[in-house]
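Take a look at the structure set out below.
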Amino acid sequence: MCSSIRKQTKIMKVVNSVLLTGIFALGAAAGTLSPCGTSGMTVVRANDGSRYVIYVFREGPDVAFQFPGTGLSFPDGLDARKMLNIDGVVFESIFVKRPDFMKTTEIVGDIELLKKHKDHEVAFIKSTTSPLTKFVEHGPRERPAGNGQPSFTFYLWQMVNPQDLKGTSQYFLTTVSAGEVVVLSAIVPDPSKESVAMDAFQSYAASFQHILRKEQCPADPKK
């Protein structure tokens with residue numbers, strides 16, 4: 001197992017180490033849903049300039065998370081597909097409603113729900129002409145509740161080309177938020193870029209937050 005993949009096992013050990021003071025200081029009471037907006041996203045630069053805080057809006061609790069780095073671009077802008085480019089790795093944030101991948105209403109735990117979503121996505125990918133047909137599981141990690149936030153289970157898996165294991169692959173980091181599956185995917189062009197994806201996933205899982213009150217929304221977004 002390469003060192004960049006081993007780093008993923010440390011995701012949940014840094015839950016509180018990268019939170020921005022003030023921006024993510026949440027109260028215990030839930031506020032109005034979608035306090036910032038119902039679609040699109042925006043970004044603000046952390047005070048030290050080494051991280052970005054990404055706000056993603058939906059019809060439900062808005063979410064925010066941090067990405068490391070000093071250079072970040074948005075291939076489709078901030079109002080279309082929620083795509084971000086960091087050092088040649090393209091990330092996309094997607095909200096998936098349960099009926100889109102699961103037709104029954106049975107009650108299941110978060111990891112079971114994430115695996116059912118994975119099964120649906122893997123089957124879909126294999127039905128296309130994509131060369132990424134081999135599934136690789138990297139496993140779940142749980143972040144306990146705290147700081148006014150619920151617990152979150154993060155599940156990392158990957159699709160690779162079995163004919164070109166050193167070529168492009170796609171990672172999927174998923175979690176359950178307000179009944180929806182939140183997907184952060186990363187298209188990694190070659191193994192030299194895996195550390196970029198792993199650093200972003202680590203920061204994402206440690207800082208992922210529900211934004212529940214208007215005063216927590218970005219006052220001065222910088223694009």
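- Cluster annotation: Phe152 and Val183 are assigned to distinct hydrophobic clusters (Ile/Leu/Val/Met/Phe/Trp/Tyr, side-chain heavy-atom contacts under 4.5 Å, transitive).
- Under the 30°/60° scheme for interplanar angles, the aromatic rings of Trp157 and Phe135 are found to be tilted.
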Next on the checklist: With side-chain contact (heavy atoms from CB on, under 4.5 Å) as the criterion, how do Phe91 and Ile86 come out once you've worked through the C-alpha distance, each side chain's angles and the decisive distance to 0.1 Å?
Outcome noted: CA-CA 8 Å; Phe91 297 85; Ile86 301 178; 4.1 Å; yes
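- Identified under the salt bridge (Lys or Arg N to Asp or Glu O under 4.0 Å) test for residues 116-127, with sequence neighbours left out: none.
- Between the CG atom in Leu84 and the OH atom in Tyr52 there is a gap of 10.5 Å [rounded to 0.5 Å].
- Considering only heavy atoms from C-beta on, Val182 stays 4.5 Å or farther from Val176 through its side chain.
- For the ring pair (Phe, Tyr, Trp, His ring centres under 6.0 Å) test, no residue two or more places apart in sequence or in another chain qualifies with Phe95.
- Connection of Val43 to Val196 is established within a shared hydrophobic cluster, with ILVMFWY side chains joined at heavy-atom distances below 4.5 Å, either directly or through further cluster members.
- Between Phe124 and Thr128, the closest heavy-atom pair is O-CG2, 3.2 Å.
- Met159 is listed as a side-chain neighbour of Phe172, based on a closest heavy-atom distance under 4.5 Å.
- In this structure, Lys193 contributes its side chain and Asp87 its backbone to a donor-acceptor pair below 3.5 Å.
- Salt bridge annotation for Arg81-Glu92: present, with a cationic side-chain nitrogen under 4.0 angstrom from a carboxylate oxygen.
- Aromatic ring centres of Tyr155 and His117: separated by at least 6.0 Å.
- The two atoms that bring Pro140 and Ile111 nearest to each other are CB-CD1, 3.5 Å, heavy atoms only.
- Note on ring orientation: taking the six-membered ring where Trp is involved, the planes of Tyr204 and Phe67 are tilted (angle from 30° to 60°).
- Residue Ser169 holds its OG atom at 4.0 Å from CD of Gln158, rounded to the nearest 0.5 Å.
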Checklist entry - When you look at Glu137 and Lys115, which way does the side-chain contact (heavy atoms from CB on, under 4.5 Å) test go after all the steps? => result CA-CA 10 Å; Glu137 182 173 58; Lys115 288 188 174 183; 3.8 Å; yes
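- A distance of 5.5 Å separates CG in Leu156 from CG in Leu173, rounded to the nearest 0.5 Å.
- Hydrophobic clustering of Ile, Leu, Val, Met, Phe, Trp and Tyr side chains at less than 4.5 Å, counting indirect connections, unites Val122 with Leu113.
- Atom CG of residue Leu212 and atom CD of residue Glu215 lie 10.0 Å apart, to the nearest 0.5 angstrom.
- Cluster annotation: Val181 and Leu184 are assigned to distinct hydrophobic clusters (Ile/Leu/Val/Met/Phe/Trp/Tyr, side-chain heavy-atom contacts under 4.5 Å, transitive).
- Note: Ser207 OG to Gln202 CD = 10.5 Å, rounded to the nearest 0.5 Å.
- More than 12 heavy-atom neighbours from other residues, nucleotides or ligands sit within 6.0 angstrom of CD on Glu112.
- Between Ser177 and His210 there is a side-chain heavy-atom pair separated by less than 4.5 Å.
- Between Pro68 and Ala200 the shortest heavy-atom distance is CD-CA, 3.9 Å.
- Scanning both residues, Ser203 and Gln66, for their nearest heavy atoms gives OG-O, 2.8 Å.
- Closest non-hydrogen pair, Arg143 versus Ala205, comes out as NH1-O, 3.0 Å.
- Heavy atoms only, all atoms of each residue included: Leu132 and Asn161 are closest at CD2-N, 3.6 Å.
- Between the Asp62 side chain and the Ile211 main chain, no donor and acceptor come within less than 3.5 Å of each other.
- Looking at Met83 and Val90, their side chains come closer than 4.5 Å, going by heavy atoms from C-beta outward.
- The backbone N or O of Gly146 sits nowhere less than 3.5 Å from a side-chain atom of Gln149 that would complete a donor-acceptor pair.
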Item to check | Phe154 vs Phe208, side-chain contact (heavy atoms from CB on, under 4.5 Å): CA-CA, chis, key distance, verdict | outcome: CA-CA 10 Å; Phe154 295 92; Phe208 186 90; 3.9 Å; yes
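- Counting only heavy atoms from C-beta outward, the side chains of Pro131 and Asp164 never approach each other to under 4.5 Å.
- Checking side-chain atoms of Lys214 against main-chain N and O of Pro35 turns up a donor-acceptor pair under 3.5 Å.
- Hydrophobic clustering places Val63 together with Leu72 (ILVMFWY residues linked when any side-chain heavy atoms are closer than 4.5 Å, directly or through intermediates).
- At least one side-chain heavy atom of Thr42 sits less than 4.5 Å from a side-chain heavy atom of Phe57.
- Side-chain atoms of Thr175 come within 3.5 Å of backbone atoms of Thr153 as a donor-acceptor pair (strictly under, hydrogens ignored).
- Using a 4.5 Å cut-off on side-chain heavy atoms (C-beta onward), Ile125 and Thr133 make no contact.
- Taking 4.5 Å as the limit, some side-chain heavy atom of Tyr171 sits within range of a side-chain heavy atom of Glu194.
- Listed by first then second residue, pairs satisfying salt bridge (Lys or Arg N to Asp or Glu O under 4.0 Å) with a partner in residues 169-190 read Arg58-Glu180, Lys97-Glu180, not counting sequence neighbours.
- If you take CE on Met41 and CD1 on Ile54, they are separated by 7.0 Å, rounding to the nearest 0.5 Å.
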